[in-house]
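Just below is one structure, and these are the notes that go with it.
Remember, it's 1-based here, ligands and their atoms both numbered in the order they're listed. Everything numeric here is computed off the predicted structure, so don't read it as measured data. Each residue takes its place number in the sequence, starting with 1.
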Amino acid sequence: MKNLIWSLLCSVLCLQATLAQSNYQPTTENLKAREDFRDNKFGIFIHWGIYSMMADGEWVMNNKNLNYKEYAKLAGGFYPAGFDAKEWVAAVKASGAKYICFTSRHHDGFSMFDTNYSDYNIVKATPFKRDVIKELADECHKQGIKLHFYYSHIDWYRDDYVPRGRTGLKTGRTTTGEWKTYYEFMNNQLTELLTNYGNIGAIWFDGLWDQDQNPEFDWELPEQYALIHRLQPACLIGNNHHLVPFEGEDIQIFERDLPGENKAGYSGESGISVTLPLETCETMNGMWGYKITDQNYKSTKELIHYLVKAAGKNANLLMNIGPQPDGRFPAVAIERLKEMGEWMNTYGETIYGTRGGMVPPRDWGVTTQKGNKLYVHILNLEDKALFVPLTSEKIKKAVVFKDKTPLKFSQDKDGVVLKFSEVPTDIDYVVELTF
Ligand code: FHN
């Protein structure tokens, strides 16, 4: 039954979006931005809001059925004295990531920027009184990091997010308002976000799935998308609706899974776009927003493997950090960023600007490709030889990427065999093939 409702929802939503946006023609700037986005390969997601004070993730309001008026009191005590945009951006830059996607407003409805359309924001409702998005934007522009905004379509605080979806039902908010005012509110905020903070790389929507039991619901996305593209034609639109992209969207998003996989259960969509850039987001520990009890951080090796596997599937990795209530990144996160950056300093050439390689992912690893080079990323091999099923190109040269030492290989009609003097044990043993 659930599946039936879900497929019905998908059909209605896809139809709505397709009909109304069938004329979407991305501008030249937008097409260029898509390619730059693909080239960048690696971004950092930042989930930060007043929920960090509860130290139990960004869904705490819903999960603990917190009354919205009581929850709002967190704002009165929010003074993240350790927040320093310069330090954040420097730490991100050190990892080799090229962009940040920051939660401008999450499902709890609290705006992390100075907005004229709600006083429930970081400048007007907290003693901190600083527009962290302004500081972050200035610093990103200064340090050459692109800035993207996460924007929730859901609101567990306002009374005009109607009809109710399937979450935030016990926050005590009334539903006396009208969708029309909520829709205007969102568009006004999006206008602010795309007017007051310089060039923005992407708007990353989330929450459409909240209405999956209400398939008739019209989110009026086409007009919203048109507004964004009118304000900043190069700004990419992504929507984490867990469906194949709608017309008007510029990237396809996956959550906690590589394209084509669905271990986490958020990626049941029926296809992978062959034209749009792909991005998958993943947490560094197990939670998006700061959670004090979750110290279960993935190792640097696991994170590098995820990045490399994403690149091998032609996708970017958007890796998440949940800053602490004091405004600092957790120390472990900073350590991981640093170590990933060290790896990227050596191997970035095999990741940035590449596309998924002509040899599809295998159990042993993946390939990436740029120009006449194929990079064979060996992540998991217990042998001194590797068969690479590459038949379309004649290989002229094989070297170990890190020191360019020549590697023995043979090629016949079935593919290439690479021969090693020892079993490769590097985090990612990269072989560069020239064809
Ligand atoms: O509900 C959100 C969640 O809090 C987080 O923002 C993630 C990030 O992909 N998206 C939603 C769940 O799909």
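- Annotation for ligand 1: atoms under 4.0 Å from non-hydrogen atoms of His242 are 13 (O).
- Using a 4.0 Å cut-off between charged side-chain N and carboxylate O, Glu70 and Lys73 make a salt bridge.
- Contacts between Asn320 and ligand 1 below 4.0 angstrom, taking non-hydrogen atoms only, are absent altogether.
- At least one N or O atom of Glu58 sits closer than 3.5 Å to an N or O atom of ligand 1.
- Neither the backbone nor the side chain of Arg256 has a heavy atom within less than 4.0 Å of ligand 1.
- Judged by a 6.0 Å distance limit and a 45° cone about the ring axis, Arg173 is not positioned over the six-membered ring of Tyr157.
- Short contacts between ligand 1 and His107, defined as distances under 4.0 Å to a heavy atom of the residue, involve ligand atoms 1 (O), 2 (C).
- Here the heavy atom of the protein found nearest to atom 6 (O) of ligand 1 is His47 NE2, 2.7 Å.
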query: Which is it for Leu318 and Tyr99 under the side chain to side chain contact (heavy atoms under 4.5 Å, CB included) test, yes or no, and what are the steps along the way?
result: CA-CA 9 Å; Leu318 181 61; Tyr99 61 97; 3.9 Å; yes
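- Atoms of ligand 1 lying under 4.0 Å from at least one heavy atom of Tyr150, given by number and element, are 6 (O).
- With ligand atoms numbered from 1 in the order given, ligand 1 contributes 9 (O), 10 (N), 13 (O) to contacts under 4.0 Å with heavy atoms of Asn240.
- Taking 4.0 Å as the cut-off, Trp204 counts as a neighbour of ligand 1 on heavy-atom distance.
- Note on ring orientation: taking the six-membered ring where Trp is involved, the planes of Trp88 and Phe102 are tilted (angle from 30° to 60°).
- Nearest non-hydrogen protein atom to atom 11 (C) of ligand 1 is Asp206 OD2, 2.9 Å.
- Taking a cut-off of under 4.0 Å to the non-hydrogen atoms of His106, the atoms of ligand 1 that pass are 3 (C), 4 (O), 5 (C), 6 (O).
- Taking a cut-off of under 4.0 Å to the non-hydrogen atoms of Cys281, the atoms of ligand 1 that pass are 9 (O).
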